[in-house]
Amino acid sequence: MLIDTYGRVATDLRVSLTDRCNLRCTYCMPEEGLQWLAKPDLLTDDEIVRLIRIAVTDLGIEEVRFTGGEPLLRPGLVGIVERVAALEKRPRMSLTTNGIGLERTAVALRDAGLDRVNVSLDTLRPDVFQTLTRRKRHEDVLRGLAAARAAGLTPVKVNSVLMPGLNDDEAPDLLAWAVENDYELRFIEQMPLDAQHGWKREGMITAGDILASLRTRFELTPEGQEERGSAPAERWLVDGGPHRVGVIASVTRPFCRACDRTRLTADGQVRTCLFATEETDLRAALRSDAGDEEVARIWKLAMWGKKAGSGLDDPSFLQPERPMSAIGG
Ligand code: SF4
């Protein structure tokens with residue numbers, strides 16, 4: 001098992017497949033100039049599948065989430081999903097994507113064994129989308145979402161970040177649209193993981209702000225802690241159900257005590273937490289011919305050193321060097 005000194009057991013593995021993206025969201029990346037990981041440093045498809053096999057076979061991982069950057073940009077994605085689905089202990093598999101290209105790939109991903117998708121979409125307004133992402137791709141995302149739903153990659157979850165002065169008035173509209181289209185909407189508080197290090201607590205839209213805005217139009221009934229388990233989203237039934245809305249309040253209502261996650265970057269580093277400032281190199285172990293047992297031992301040791309939480313409230317908090325685009329969500 002991947003257990004830490006606080007007794008938490010990681011069963012959820014997030015695997016970043018690339019640090020590249022075809023959008024340039026202002027809260028994530030600068031318009032240009034971000035240094036990409038060098039190709040030889042990226043794990044190969046074989047290395048990724050091997051690490052996932054070790055994780056599910058020897059380390060108790062039950063769920064695998066593919067992330068990026070934008071994971072649909074990874075040429076071998078469908079093959080990786082197919083090979084993971086064929087493992088003896090098949091994990092549940094999902095994908096966090098910006099939705100661009102999903103229209104083309106949803107059926108192939110489902111046939112390969114993907115269970116569901118999370119699609120990031122912050123606005124229903126094409127002009128605001130262009131301001132937020134610096135790209136004109138709003139329609140592509142909507143088509144990707146519809147394709148995922150049609151392919152049965154459900155529940156299709158939509159992740160939205162609200163930014164002050166840009167889309168912070170859209171929470172009720174986004175929820176009405178999600179209910180109408182049968183998507184499960186989750187708002188995510190903006191976190192200090194942007195490459196530009198421009199995040200400011202004073203400027204962020206909080207879970208409290210989001211809920212107040214939603215309650216101007218909807219009746220929200222909280223789900224119990226039992227339904228939530230270790231999920232990062234607190235959820236509410238919308239107007240009595242069956243639709244739900246979630247809020248992931250990493251900053252104002254952290255959920256680190258129930259954290260069950262371990263992360264693998266596209267260049268083969270284990271991160272015990274989104275905000276970890278230290279990493280453990282599994283790629284070096286793989287490339288020096290370490291056996292599965294040795295790789296598992298290094299991974300376990302890394303998780304043993306996992307900190308209690310994000311440290312966001314600590315005055316000595318330091319934003320990790322590696323930006324969100326190279327960590328994965
Ligand atoms: S901040 Fe770190 S410890 Fe807390 S929930 Fe996120 S990954 Fe887990």
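In this text the structure is predicted, and so the values were computed from the model without any measurement. Every number for a ligand or one of its atoms is a count from 1 in the order of the listing.
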Among T67, I80, L73, side chain to side chain contact (heavy atoms under 4.5 Å, CB included) partner for L17: I80

D281-Q269 side chain donor-acceptor pair, cut-off 3.5 Å: yes

Contact atoms of ligand 1, heavy-atom distance to F275 under 4.0 Å: 1 (S)

Close approach of K307 to ligand 1, heavy atoms, under 4.0 angstrom: no

Test log, rule ring-ring contact (aromatic ring centres under 6.0 Å, His included), inputs F218 and W236: CA-CA 11 Å; F218 302 94; W236 286 261; over 10 Å; no

Crowding at CG, D289 (>12 non-hydrogen neighbours, <6.0 Å): no

Ligand-residue contact atoms, ligand 1 with F255, heavy atoms, under 4.0 Å: 5 (S)

Presence of N, O or S from C259 under 2.8 Å of atom 4 (Fe) of ligand 1: no

Shortest protein contact, atom 4 (Fe) of ligand 1 (heavy atom only): C256 SG, 2.4 Å

Cationic N near anionic O, under 4.0 Å, R110 to D115: no

Atoms in ligand 1 flagged as close to R263, the criterion being non-hydrogen separation under 4.0 Å: 7 (S)

Spacing of H243 atom NE2 and L237 atom CG [to the nearest 0.5 Å]: 11.0 Å

For L274, atoms of ligand 1 separated by under 4.0 Å from a heavy atom: 2 (Fe), 7 (S)

Distance-only side-chain donor-acceptor flag, T57 / E88, under 3.5 Å: no

Ligand-side contact atoms (ligand 1) for residue partner R261, heavy atom cut-off under 4.0 Å: 5 (S)

Interfacing atoms of ligand 1 (cut-off 4.0 Å, heavy-atom, C273): 1 (S), 2 (Fe), 3 (S), 7 (S)

